[in-house]
Amino acid sequence: MSEENKYWHILDEFEPVEDARTKETLDVPVDASSRRNFLKLLGLGTASAELIASCKRPVEKAIPYFIKPEEISPGKAAYYASSYFNQNEFSSVLVKVRDNRPIKLEPNPKSVINPSGTSGKVQASVLDVYNVNRFNHPTKSGEKIDWATADQEIVTQLRELANQGDNIILVTPTIISPSTQKLIAEFCTEFNAEWQVYDAIAMDGYREANRRVYGNAVLPEYHFDKAECIVSIGCDFLGTWLSPVEFSAQYAKRRDLRKGTHDLNRHYQVEAGMSLTGSNADIRIRADKNEYGRVVTYIYNHLAAKNGLPFIESKPPTAELAENLSGLLSDLVENKGKALVVCGDNNPEYQVIVNGINQMLKSNGTTITWNNNYNHFQGTEKSIDTILKENIGAIVLWDVNPVYNHPSADKVKAAIEKAKLSVTLSSLPDETSDLCDYVLPSPSFMESWDDAEYKKGVVSVLQPTLHKLFDVRQAQETLLSWLGNDTVWREYIKNNWLANYYLLQTTTLDKDRFWVNVVRSGEFVYDVKSTLLTYNFDEVKKALVTVSKEKVVDGFVIELVENINIGTGHGALNPWLQECPDPVTRIAWDNYASIAPSIARQMGIKNGDVIKVGALTIPAFVQPGQADHTVSVAVGYGRTIGIPKELVTGVNAYPLSLIQNGFRLNSVVGVSIEKTGEFEKLPLVQGHQSQEGRPLAREATLKEWKHDHHAGNEMHEVAEHHATSLYPGHEYKGHKWAMAIDLSKCTGCSACVLACNTENNIPVVGKKEVLAVHEMAWIRIDRYYSGEEDNPEVVRQPVMCQHCDNAPCENVCPVAATNHSSEGLNQMAYNRCIGTRYCNNNCPYKVRRFNWLDYTGADSIPNNRYDPANLTVDLSRMRHNPDVTVRAKGVIEKCSFCVQRIQEKKLNAKLEGRQLYDGELQSACQQACSLNAIVFGDVNNPESEVAQMMKDPRNYHLLEEIHTLPSVGYLTKIRNIS
Amino acid sequence: MGAIVYGYFTDELDLLHGIKELQEKGISIEDVRTPFPVHGLDSVLKLRRSHLPKVAFLAGIVGLTIGMGFQIWVFTKGWPLNFGGKPYMSIPSFIPVAFELTVLFAAYTMGISFLVRSKLGPGQIPDILDEKVTDDHFQIILSEEKNKMNNEELSAALAATGALDVKLLKGEQ
Amino acid sequence: MSHQLFKVQSLLNLSFLALFLFSCIAGTAKSSDSHSGKHSRSDVKQGERYYKGLLPKASPNPSCVSCHYYKPADTINWNPASIEIAELYLNKSSEDLEEVLLSPFGKVMSVAHANIDVPQDQIQYVKAYMDNLAENGLPKDKPSFLKLLLFLLIGGVMTWALLDLIFFHKVKFKAIPILIILLALGYQLNMAYEAAVKLGRSDTYQPDQPIKFSHKVHAGDNKIDCMYCHHTADESKSANIPSTSLCMNCHIVVREGARSGKFEIKKLVEAYEEGRSIEWVRIHQLPDHVFFAHAQHVGAGKLDCAQCHGAVEEMHILKQENDLSMGWCLNCHRETKVDFEDNEYYQMFDEFHKELSEGTRDSIMASDIGANECSKCHY
Amino acid sequence: MYVSPVREPLINGEKSYKDITDDVIAPIHSKPGKFWYLGIGISSTVMLFGFAMIAYSIWFGIGTWGVNRTIGWGWSITNFVWWVGIGHAGTFISAILLLFRQKWRTSINRAAEAMTIIAVMCAGLFPLIHMGRLPLGFFIFPYPNTRELWVNFNSPLLWDVFAISTYLLVSLLFWYMGLLPDLGTIRDRMKTVWKKKAYNFLSFGWKGSARHWHRHESMSLILAGLAAPLVLSVHTIVSFDFATSVIPGWHTTIFPPYFVSGAVFSGFAMVLTLMIVTRKALNLEKYITVGHIESMNKVIIATGSVVGIAYITELFMAWYSGVEYERYAFVNRALGPYAWAYWIMMTCNVISPQLLWIKKLRRSVGFTFVLSIFINIGMWFERFVIVVTSLSRDYLPSSWTMYKPTWVEVAIFLGTFGLFFTLFFLFIRVFPVIAIAEVKSIARSSAKKFIGKSVRNDQPEKH
């Protein structure tokens with residue numbers, strides 16, 4: 001009997017049998033590893049063991065279902081529409097469930113929000129569900145307690161406190177669930193409680209600015225696809241700002257030279273630290289973080305002067321900066337009505353001015369619309385103020401962690417400790433839950449029922465795809481129980497939907513049918529009436545005056561940024577996200593202070609030198625393109641609780657953030673840098689920054705491309721015609737799988753990396769092993785700098801196995817473990833591999849990965865596991881894709897072009913007796929890419945998109961001059977610069 | 001086996017001289033034992049050229065055929081696989097293994113043939129008449145059987161060549 | 001060279017000897033089982049003698065063991081095994097046993113037990129024997145060392161021959177020891193080769209199942225289609241072992257077998273009532289790194305189940321017919337034609353279609369379209 | 001039979017045949033001295049530690065080494081190639097010098113061949129233990145199996161398997177066949193019965209019959225003829241590991257001759273290192289004379305110069321090819337982060353052997369000893385430069401990285417030294433270090449005792 005099934009049995013004890021899925025085990029044999037190990041050991045002594053005669057085959061059980069549920073066939077995946085919402089990140093998803101375990105999240109193609117891709121965090125969230133550190137039962141002061149007792153005690157105390165007139169505060173993160181909001185309202189009324197919303201990263205300044213200028217405290221919809229000219233002032237809209245996956249898709253639409261218009265948008269980025277968005281900008285203008293105010297004022301004044309509107313004289317930015325901005329200004333003027341200016345600073349004054357700029361540019365209605373406003377980022381500083389008030393009676397903390405991520409953490413901690421009753425409703429232990437009297441754990445989102453209205457007018461459903469793994473209860477169920485409401489939470493949601501949304505649709509009259517349809521499709525869209533905007537110019541004027549009076553403080557500015565994977569700190573608990581290197585710095589498993597090369601040279605600082613900057617002691621990283629007086633530090637690191645020891649990395653930068661006029665600013669001015677003399681090696685995945693003049697990631701400007709579509713790709717012709725082989729080559733009679741990657745579109749967001757991790761059971765190796773250059777990712781995103789170190793141009797190139805037709809790796813494998821299939825795949829038989837690593841050496845692309853240690857527990861030798869992230873325990877093993885072998889120690893692995901998907905789709909086509917159609921078969925990386933930069937398909941089918949792309953004049957192969965004939969094509973990056 | 005007569009020299013040139021003398025008397029020589037291969041001895045004794053080189057050559061051919069044939073069979077009939085776009089039968093790739101097998105077969109067949117032909121092998125108990133033949137004695141052995149002379153005549157003839165310590169060993173009748 | 005061989009040989013023999021001794025010691029340590037205190041040893045012995053029919057004088061009844069074998073039998077024996085009965089009646093009194101024995105309720109059992117008359121005291125003894133059996137379980141199978149002994153023996157002969165050849169020279173003709181060595185070595189190598197081939201193979205595997213389920217009765221006699229129970233074979237990787245509820249589709253009515261009576265079916269019914277799945281013993285099992293899809297073979301390839309599983313409809317006890325080795329798969333792929341005409345999917349193989357229509361090729365084998373490539377099964 | 005009084009005698013001192021026997025057998029007869037015990041004690045301890053580290057790396061995986069994503073081969077393959085190179089001198093001396101009728105080979109060929117065999121054993125360890133899954137290493141042999149799967153005969157690594165094992169086996173055969181007469185000699189000198197029996201067993205019953213000698217000579221010649229191309233093929237095939245790849249700095253047609261001469265170069269250096277110590281320790285100065293050392297030094301100058309020219313040719317070809325990857329690889333060798341290794345290699349391998357043009361240095365035992373060690377170090381760095389430097393910076397700069405060995409790799413390398421010396425210590429106690437019969441056979445023409453003396457009955461045929 002498998003150990004993995006232990007969890008199923010545990011859940012049986014607590015869950016009433018609702019449907020058949022809970023009860024049974026599978027007819028898939030689970031504990032095959034013992035037999036495999038056994039056979040491997042036999043390999044050692046070969047035949048001798050058999051001669052002993054007593055070695056019988058171990059008996060394995062094949063246990064069928066008790067009642068087989070109709071929708072589940074063992075060995076076949078089922079997909080459920082659901083949604084992901086965590087820390088202000090939303091995604092509409094399909095959950096792939098194999099044998100009752102959710103193993104992968106895929107974008108919901110029917111979604112209006114993210115039909116074509118997800119973020120990396122969404123991809124990695126599968127691992128969160130199987131996190132071994134989750135609370136698995138309710139506790140009171142650390143002692144196990146049962147739900148009934150806990151409920152009774154808490155309710156009694158709550159009522160007592162309410163009667164005494166003490167404060168009862170419920171602190172939640174942004175809740176976008178309409179049903180939950182309703183429930184919370186009920187709770188507040190019943191217990192006379194106060195509901196506060198707290199977010200680690202605040203956008204209340206934006207709402208405030210919109211309230212001031214337009215009288216509407218909302219976050220509007222942005223349309224990057226409708227903008228000819230995008231100006232972003234320190235706004236990482238492709239990485240972490242507001243709704244990056246949506247924006248990336250929009251952005252990519254205007255970076256498509258094959259389908260879209262030939263006029264790319266032009267993207268200006270004015271920023272201090274090199275962000276993901278900045279590194280993709282056509283023109284990146286360096287400005288220190290404390291110059292943003294002057295930059296927006298300057299832009300405003302310039303446009304106002306052009307439009308004959310009044311402006312406030314203010315200190316212009318430096319002459320150099322003003323000169324750099326001249327192109328931007330003229331482009332903005334030219335593209336009036338088709339321009340979009342965004343600023344990534346929570347300072348409401350700046351946002352008011354940006355609103356003024358967008359008003360002048362007539363962006364409202366075109367690139368900014370005010371209908372389907374975003375509902376997330378509702379948190380305000382008021383929440384912390386409320387907590388810090390005297391005499392808190394009871395505080396209920398719902399998945400918030402201000403003790404970790406608020407600058408006044410000490411005060412918050414004291415306040416919670418002082419409260420007469422503190423309850424946490426989190427699923428994972430954290431710095432805040434550690435202080436609470438009662439821990440009433442909630443399950444992960446994949447075990448929960450919920451709904452979500454991320455954007456006004458688009459309501460999504462979350463449905464469980466896994467039975468609760470532990471003795472946990474959804475926070476909503478807890479509230480229901482406290483309210484004494486017997487309604488099942490799912491019914492509560494359903495009733496709420498029937499009351500609110502059923503009436504908004506006309507497709508069906510049957511209420512149950514409506515509900516089933518919604519659950520099946522995952523989303524419900526209704527029309528939102530547009531709001532009339534009134535523009536309040538006075539506020540803009542006021543803001544201009546305030547900003548112009550800003551003092552210039554000497555010293556460095558620390559800019560707090562979000563890492564695309566780690567986010568606000570939740571990602572720090574996820575080993576996949578930790579191990580995925582930052583797309584800009586290519587550092588995994590750590591945070592650091594990015595400093596400008598000029599400063600580094602001046603002060604003699606090298607990568608990894610530990611510096612004291614402000615209150616932080618942190619290793620320095622010399623970042624090309626960093627503004628001279630800005631030091632960028634990522635938040636989200638330095639978490640210590642709820643995380644295995646090995647995963648504790650970096651320094652917590654939240655205490656540095658500044659609260660100004662009640663708004664949280666992610667920067668602090670006037671700090672100095674000191675060297676400590678210590679050194680800490682940074683887990684840098686890519687050590688070399690330059691292409692050394694090699695034609696690897698090729699690029700051209702839009703102008704050059706318009707003149708000649710081969711621009712920047714002249715070498716391709718040469719290689720195609722001059723590199724030939726002595727041998728005739730093999731024919732590919734059926735399919736020939738190929739992939740094309742559009743470098744113009746790839747932003748480097750790393751969603752593909754994480755999707756590949758999830759799909760292909762790629763092990764996590766941990767910080768030490770990354771430092772030893774042993775990382776395992778099958779797809780990596782190379783990042784090269786060119787030009788000046790002060791402000792370099794950046795080009796990115798995702799590199800995975802190129803599936804060369806003349807593969808150098810295949811020739812050298814002594815045991816024929818890797819060879820070529822008739823469909824053009826470079827196949828890798830793990831079970832044949834003996835691990836000479838010759839193929840890896842002979843791979844010019846260095847895409848093969850070796851299992852240096854027993855990362856997965858699949859090795860036959862006992863007691864040698866290397867698993868710092870605790871991913872080989874039964875619980876986390878449930879994440880594995882059963883269609884992909886878990887590789888043992890000493891075996892080479894690499895990208896397989898998702899051959900398991902190829903096989904599955906081919907089989908489906910055969911079963912249905914039809915041809916495979918183009919686009920049906922998507923690799924995991926392609927599926928996760930919201931920009932559609934990766935296209936996979938059959939190049940032997942001339943109509944397929946990949947075949948078309950291969951014929952594009954921009955197409956070339958990496959290192960084509962050595963005639964390896966890769967199956968992966970790259971399309972040159974086209975920059976829209978004049 | 002009949003009786004044998006043997007004696008030794010301390011210098012290889014004396015040995016060669018002695019053999020000549022005996023041969024001139026029409027005495028056929030049963031065996032000569034020396035501590036090292038004496039230059040010119042084989043021509044004096046009129047030893048036939050060894051067949052070992054031919055054995056080696058044939059074995060080499062067999063090795064080559066097996067090596068080449070097996071590789072070609074595996075990659076064209078057994079299980080043709082596409083390695084790096086090379087044709088299934090990529091002869092240049094097969095040369096190293098075929099060569100090594102040629103050498104291996106030739107060397108070992110010859111080595112074993114040598115041992116078998118010379119009746120040498122582990123556990124062989126040699127008929128050593130004088131332990132010093134592996135040191136500095138050059139020994140001539142004459143057998144009664146092969147010569148139409150009796151022991152005394154043979155001993156005398158051997159002694160006459162200057163051989164030292166001529167002895168007679170009676171064989172089993 | 002031969003002195004080296006000798007060394008290797010003796011080393012091998014030594015290691016086998018050590019293993020042998022070790023397993024003997026381990027074996028004896030386990031085999032001493034305890035005697036339960038519930039019944040006296042003599043009662044148990046007496047019961048065993050009666051059960052096995054080892055009586056001083058001829059009994060009018062056939063012995064119990066002639067129908068109720070100790071363990072679920074190797075070749076199907078429809079009657080419950082003694083161990084099964086013992087476990088069933090462990091917590092019941094001997095009167096219960098007597099009642100069932102003498103006045104059975106099932107049709108099959110009534111016929112079988114029609115003329116049986118067992119004195120009450122004997123039933124008590126038998127019950128004692130059975131309780132003892134249920135508590136201590138069946139005696140463990142002792143591992144067979146026959147092959148190992150043979151191997152060692154041959155090794156010994158060979159060593160002797162080698163020693164003689166080198167040192168003793170007792171045998172006059174050298175050819176004899178040489179011949180012995182060659183033959184012995186050849187035999188040993190053959191043994192090792194056969195053992196190596198068998199490694200990880202489990203053809204002829206035919207384990208006892210928790211229920212004496214007969215494929216012959218179901219698929220053969222009653223002509224139930226394979227796909228009735230294994231209904232995902234044509235659409236999923238797994239063929240699906242029927243769930244308890246699926247069995248009950250028929251067995252809700254069929255409660256007594258023509259041969260097995262009620263005993264076996266009762267196990268199923270009990271499992272159903274208790275909401276349990278039957279824990280079958282898995283027979284056909286591929287290693288983890290092999291991704292086999294039933295759907296490909298049954299659904300797309302339209303293969304007959306029997307092609308891999310043998311004549312299941314003739315098997316009372318299911319047995320693995322083929323060794324399921326990689327070579328076996330490959331050979332079948334080389335010999336199996338692909339349905340190029342009817343299945344639209346294969347339309348894209350233009351060249352093959354051309355060759356087929358031109359007549360330069362009369363069929364396309366699975367291996368022609370890449371069925372024997374690594375990544376078809378290993379990924 | 002002719003005797004040249006002009007040539008320097010190869011056997012000094014007035015050594016008769018009996019003296020030769022006694023001198024060479026002396027170490028086998030006598031009780032080992034304390035230095036021998038000390039030597040074998042240290043080397044076997046180091047060996048055992050090395051084996052423990054091998055076990056450790058098999059248990060926990062290759063991740064215990066410093067090799068990484070980009071540099072898949074580090075010290076292991078460097079050591080492999082180095083040891084194989086060292087293993088070239090013995091068979092080169094006994095086969096190729098036999099074919100060229102170089103008499104001076106006789107004093108050193110036995111020890112050199114033993115060294116070859118031991119070195120090849122040390123070398124053979126590395127490709128085995130560098131495998132990620134050593135327990136499944138038998139997959140590398142083309143044996144019939146139920147998977148119907150063979151091996152990849154295109155892979156140079158597979159060629160290596162055949163080349164190294166054939167080389168080891170044939171060298172072993174050659175060495176042992178040569179040993180037979182000398183084992184017979186030892187047998188006849190032994191007093192104790194069991195030793196006599198044991199040596200008789202080992203000598204296959206050798207009795208020095210003229211017919212045996214006749215066949216033995218014939219076989220030796222053919223074996224030499226077979227072994228000569230084999231010697232050349234082994235390092236050629238090892239060089240194919242690199243030459244047939246696509247990695248800049250590896251992908252070079254010059255590799256086969258360059259590797260072979262490098263191998264002979266390092267092999268002779270190691271023979272010198274060993275023989276200079278051995279002749280002193282075993283009192284064999286009369287047999288391994290300064291003349292021998294000089295002859296070997298001449299081979300070292302020749303092969304060292306070939307290696308030097310190869311280095312320069314490589315640089316030229318990289319420039320001349322016009323391939324930027326190739327050019328960069330060589331610029332990187334000389335000026336990149338591993339330049340120190342390159343310059344150690346250049347100094348030790350190209351510059352230092354040129355000093356041997358000076359006759360005084362060539363004939364200086366002390367200088368030769370120091371130089372031979374330098375050459376060994378230099379040749380190790382040559383392999384390091386080829387394996388590591390080339391891999392560390394190949395095609396895609398994004399993957400460039402550095403490699404640093406861990407203590408496990410260092411211990412394994414030291415362990416092979418332990419193995420090497422342990423076996424060598426055992427060898428000198430059990431087998432004759434000098435080929436007794438062969439030395440005797442050249443004594444008439446090249447020993448001091450005989451040179452220039454009137455020879456009785458010089459030409460018996462003329463009578």
- Item | Test side chain to side chain contact (heavy atoms under 4.5 Å, CB included) applied to A:Arg837 and D:Ile71, step by step | CA-CA 9 Å; A:Arg837 300 185 299 291; D:Ile71 304 157; over 6 Å; no
- Message: Between A:Val765 and chain D, with a heavy-atom cut-off of 4.5 Å, which part of the residue counts as in contact: side chain, backbone, both or neither?
- Response: neither
- Item | From D:Asp394, D:Thr401, D:Thr70, residue fulfilling side-chain hydrogen bond (donor to acceptor under 3.5 Å, both in side chains) relative to A:Lys846 | D:Asp394
- Query: Which bit of A:Arg832 comes within less than 4.5 Å of chain D, counting heavy atoms only: side chain, backbone, both or neither?
  - Reply: both
- To the nearest 0.5 Å, how far apart are OH in D:Tyr395 and SG in A:Cys843? 10.5 Å
- Query: Do you know which of A:Glu769, A:Gln689, A:Arg780, A:Gln691 has the most heavy-atom pairs under 4.5 Å to chain D?
  - Reply: A:Arg780
- Side chain, backbone, both or neither: which part of A:Leu853 has a heavy atom under 4.5 Å from chain D? both
- Item | Contacting region of A:Gln797 [heavy-atom separation from chain D under 4.5 Å] | neither
- Note on the structure: The reported gap from OH in A:Tyr838 to OG in D:Ser245 (rounded to nearest 0.5 angstrom) is 6.0 Å
- Message: Given heavy-atom pairs under 4.5 angstrom as the criterion, report whether the side chain, backbone, both or neither of A:Arg694 touches chain D.
- Response: both
- Is it the backbone or the side chain of A:Leu684 that comes under 4.5 Å from a heavy atom of chain D, or both, or neither? neither
- Message: Please classify the contact between A:Pro844 and chain D as side chain, backbone, both or neither, with a heavy-atom cut-off of under 4.5 Å.
- Response: both
- Task: Mind running side chain to side chain contact (heavy atoms under 4.5 Å, CB included) on D:Ile247 and A:Asn842 for me, showing each step along the way?
- Result: CA-CA 6 Å; D:Ile247 302 301; A:Asn842 207 20; 4.0 Å; yes
- Item | Under 4.5 Å from a heavy atom of chain D, the part of A:Ser690 involved | backbone
- Heavy-atom proximity to chain D below 4.5 Å, by part of A:Tyr845: both
